[in-house]
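Read the structure below first, then the notes.
In this text, all values refer to a predicted model and were calculated from it rather than measured experimentally. We count residues from 1, following the sequence as given.
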Amino acid sequence: MEAVIDRNLARVYRVALARTGHRQDAEDVTQEVFLTFLRNPPVFRDDEHEKAWFIRAALHRSVNVVTGNWRSKVVVGRDDLPDQPAADAPLHDALLSLPHDERTLIYLHYYERMDLAQLAQLLGISAGAAKKRLSRARGKLKTVLGDHDDE
């Protein structure tokens with residue numbers, strides 16, 4: 001169990017952070033995911049099944065955080081992200097400006113290296129819908145980045 005936790009701890013936190021936009025919320029989500037795992041450990045078919053289970057659990061736990069009424073009154077800032085190199089600041093600011101669903105898609109595709117089929121399965125949508133949503137998120141990100149898109 002310890003090895004499974006070690007393999008997935010950072011992943012769950014990063015997914016939760018991408019989804020919620022706040023360190024404290026991501027920490028709470030991470031704790032809830034691993035409490036669920038420890039209380040009733042699933043049997044994983046393979047590494048991909050394990051990865052998908054933890055990502056899905058983080059996404060589900062994050063839903064309550066991002067849909068809560070009080071969340072609409074909170075402003076997300078760069079201080080809520082882990083320390084990043086200064087060169088990444090425009091990208092992080094642009095990512096934070098995206099709605100949480102689009103920010104999550106970008107994260108899962110580029111950081112967790114999930115292809116369209118995996119995204120579709122994870123999100124319970126068709127591959128075409130995943131492609132369209134990812135394309136829309138990329139377009140918004142490019143617009144927000146403006147002159148920084150070559151960096």
Side-chain angles (χ1 to χ4, degrees), residues 3-34 36-37 42 44-68 71-72 74-151:
V4 172
I5 292 171
D6 288 344
R7 279 193 304 270
N8 292 285
L9 184 62
R11 172 180 294 124
V12 168
Y13 176 78
R14 289 188 310 259
V15 168
L17 184 60
R19 182 79 170 158
T20 66
H22 291 276
R23 284 182 181 181
Q24 295 84 357
D25 292 337
E27 290 168 358
D28 289 346
V29 167
T30 301
Q31 182 176 5
E32 289 179 29
V33 167
F34 284 100
T36 300
F37 170 73
F44 300 116
R45 292 184 306 269
D46 53 31
D47 290 343
E48 282 303 311
H49 181 224
E50 177 184 306
K51 177 181 175 181
W53 187 92
F54 280 101
I55 289 172
R56 190 174 299 113
L59 291 173
H60 286 299
R61 295 292 186 282
S62 298
V63 167
N64 293 338
V65 174
V66 297
T67 60
R71 172 58 68 214
S72 63
V74 176
V75 176
V76 179
R78 191 182 312 141
D79 292 342
D80 291 313
L81 292 173
D83 294 332
Q84 299 293 328
D88 290 344
L91 176 60
H92 285 278
D93 289 344
L95 283 170
L96 286 173
S97 73
L98 295 178
H100 59 82
D101 289 338
E102 292 171 348
R103 187 172 58 231
T104 302
L105 268 173
I106 295 285
Y107 173 79
L108 292 173
H109 183 68
Y110 289 103
Y111 292 92
E112 291 297 330
R113 303 200 185 282
M114 297 183 83
D115 62 26
L116 291 174
Q118 292 170 316
L119 288 172
Q121 182 180 13
L122 184 68
L123 300 174
I125 58 177
S126 69
K131 182 177 181 178
K132 188 172 189 167
R133 290 180 189 183
L134 185 59
S135 176
R136 188 177 306 129
R138 285 179 184 143
K140 286 183 181 180
L141 188 59
K142 186 175 182 177
T143 299
V144 171
L145 284 171
D147 293 333
H148 298 287
D149 61 355
D150 292 333
E151 296 174 19

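Nearest heavy-atom pair, A58 versus V15, reported as atom, atom and distance to 0.1 Å: CB-CG1, 3.8 Å. Heavy atoms only, all atoms of each residue included: L108 and I55 are closest at CD2-CG2, 3.6 Å. Minimum interatomic distance between H49 and R45 (heavy atoms only, all atoms of both residues): ND1-N, 3.0 Å. Of all non-hydrogen atoms in A94 and S97, the two that sit nearest each other are O-OG, 2.6 Å. In plain terms, the two heavy atoms of T30 and A16 that are nearest each other are OG1-CB, 4.5 Å.
R19 has its side chain out of reach of V29: every pair of non-hydrogen atoms, C-beta onward, lies at least 4.5 Å apart. Side-chain contact check for F37 versus N8: every heavy-atom pair is 4.5 Å or farther apart.
Sorted by first and then second residue, the side-chain hydrogen bond (donor to acceptor under 3.5 Å, both in side chains) pairs involving residues 53-62 (not counting sequence neighbours) are T36-R61. Among residue pairs with one or both ends in residues 112-132, those qualifying as side-chain hydrogen bond (donor to acceptor under 3.5 Å, both in side chains) are R11-E112, R14-E112, E48-Q118, Y107-E112; sequence neighbours excluded.
Interatomic distance, CZ of R23 versus OH of Y13, reported as 5.5 Å (0.5 Å rounding). If you take OG1 on T104 and CG on L119, they are separated by 10.5 Å, rounding to the nearest 0.5 Å. Of the inter-residue distances, the one linking L9 atom CG with F34 atom CZ reads 5.0 Å to the nearest 0.5 angstrom. To the nearest 0.5 Å, atoms CZ (R103) and CG (L141) are separated by 11.5 Å.
Judged as a side chain to side chain contact (heavy atoms under 4.5 Å, CB included), and not counting sequence neighbours, the contacts of Y110 are I106, R138. In this view, K140 and E102 satisfy the salt bridge (charged side-chain N to carboxylate O under 4.0 Å, His left out) rule, not counting sequence neighbours. In this structure, the salt bridge (charged side-chain N to carboxylate O under 4.0 Å, His left out) partners of R7, at least two apart in sequence or on a different chain, are E50. In terms of the side chain to side chain contact (heavy atoms under 4.5 Å, CB included) criterion, residue partners of L123 (sequence neighbours excluded) are, by chain and number, L59, L105, I125.
Counted within 6.0 Å of OH on Y111, heavy atoms from surrounding residues, nucleotides or ligands total 12 or fewer; the atom is thus considered open.
H109 places a side-chain N or O within donor-acceptor distance of the main-chain N or O of M114, the cut-off being under 3.5 Å.
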